[in-house]
Amino acid sequence: MSAPSAADPSHSRYTESPVPVDILGLDREALEGLFAELGERPFRARQLLQWLHRRATSDFQAMTDLSKGLRRELAERVHFTEPGVRSEQVSADGTRKWLLGLEDGQAVETVFIPEADRGTLCISSQAGCPLDCKFCATGYSGFRRNLGAAEIVAQVRHAHREVGDRLTNIVFMGMGEPLLNYEPVRRAINLLLDDCAYGLSRRRVTVSTVGIVPRIHQLGRETPVNLAISLHGVTNAVRDRIVPINRSYPLERLLQACRDYPLPRGRRITFEYVMLDRVNDSPEEARGLAELLHGIPAKVNLIPFNPFPEAEFERSPSEVIDRFRDILLERGLVAVTRTPRGEDIAAACGQLQGNGDRAAAAEGRA
Ligand code: SAH
């Protein structure tokens, strides 16, 4: 991957960089910078964005409204990430999971979840994850590296080619912690929102985070899309244990960042809460959760725990989950229990490992 400084317009980094720029990860501002260096007019950026993203063209020669000279120059100077599809799996419920191979041999998983009224693409921001949340298979698989903006956007580009306009929503809920890879994620979001690229409204893009507090503030200032918080505990004692990053960013600071966050109009912050048998699922904790979220425009997603071999937890029984949800509802909160999607292809929350092996094994069992 290339050009980690591509968001900094203050010095020449497109034409002098020893590594060619990865063009798929450049947002409009960065592309305008590139064209300025090539002596081209800024509106070329819009044309190129349409070719690369909306029309998913990979061949510069096909971009017939750019001059021949410019096409040649682009083909020579810039680099192009086109991850290969290592595998595709389709669940009985219609969920599709792709394992995309990157140039250095790493791989990332991307999941498309069709529903009646929308199609959500769940994308990865890192290969593996540096956090070690105790109930998440990605954490167990370890951290390999950050993805570049191009590698993040390439997942969307691939899915858009496959499913077209059925893709309506994007969630950063695949592998990795998006707010620990902030700058590439921010540039990828710019492309998702850009009319010439994917043209999504910011109400249809959601960043999910375990709670990297300073970056939540920064996201709110710079690109305020929807926010989802992986909460999972209502006391610091429980959260310290199952989401260890809580020791750095405890609940009080996290909830304050949520209160301060400038949500898109009419939106609520989603709080994700994985239901772990006898760990965080008591009625008392449900009441605690309602108290904690008081005054925040919130929606609670209760996620039945999805097991994986190394995990030391079990899923809460469904009556316990129902009781927990009812306590939240009685207190006026919006709360739903999420139906696990794509379980049969290990595409459900917390099951992505980026190696495809377990997925293949699961398919063998099915
Ligand atoms: N790191 C970010 C993005 C990943 S989102 C975050 O934590 O928000 C993945 C979601 O699935 C998170 O809410 C995570 O807590 C949840 N999850 C992880 N492992 C799970 C499991 N085994 N069962 C159910 N949900 C899980």
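Numbering of ligands and ligand atoms starts at 1, following listing order. Since the model is a prediction, treat every value here as computed from it, not as a measurement.
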Handout entry: Residue pairs fulfilling salt bridge (Lys or Arg N to Asp or Glu O under 4.0 Å) with at least one residue in residues 190-208, sequence neighbours excluded
Key =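 Salt bridge (Lys or Arg N to Asp or Glu O under 4.0 Å) check on residues 190-208 returns Arg28-Asp194.
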
| message | Under the salt bridge (Lys or Arg N to Asp or Glu O under 4.0 Å) definition, can you give me all pairs with a residue in residues 267-282, not counting sequence neighbours? | response |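 Applying salt bridge (Lys or Arg N to Asp or Glu O under 4.0 Å) to every pair that reaches into residues 267-282, excluding sequence neighbours, yields nothing.
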
Next on the checklist: What I want to find out is whether Arg323 reaches Asp326 closely enough, with some N-O distance under 4.0 Å, to be called a salt bridge.
Outcome noted: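 Salt bridge absent between Arg323 and Asp326.
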
Salt bridge or not between Lys97 and Glu109? Use side-chain N to carboxylate O under 4.0 Å.
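Counted as a salt bridge, because a side-chain N and a carboxylate O are separated by less than 4.0 Å.
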
Review point. When you check the side-chain N and O atoms of His160 and Gln155, is any donor under 3.5 Å from an acceptor?
Key: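 Result is no, nothing qualifies.
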
Between ligand 1 and the protein, which N/O pairs are shorter than 3.5 Å?
unit_1   : atom_1 : unit_2 : atom_2 : d
ligand 1 : 1 (N)  : Gly176 : O      : 3.1
ligand 1 : 1 (N)  : Glu177 : OE1    : 3.1
ligand 1 : 7 (O)  : Ser230 : OG     : 3.1
ligand 1 : 8 (O)  : Ser208 : OG     : 2.6
ligand 1 : 8 (O)  : Thr209 : N      : 3.4
ligand 1 : 8 (O)  : Ser230 : OG     : 2.6
ligand 1 : 13 (O) : Ser230 : OG     : 2.7
ligand 1 : 13 (O) : Glu272 : OE2    : 3.2
ligand 1 : 15 (O) : His232 : NE2    : 2.6
ligand 1 : 19 (N) : Phe135 : O      : 3.3
ligand 1 : 22 (N) : Phe135 : O      : 2.7
ligand 1 : 22 (N) : Asn306 : O      : 2.9
ligand 1 : 23 (N) : Asn306 : N      : 2.9
ligand 1 : 23 (N) : Cys349 : O      : 3.4

- Item | Shared-cluster residues of Val171, by chain and number - hydrophobic side chains joined below 4.5 Å |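 Members alongside Val171: Met173.
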
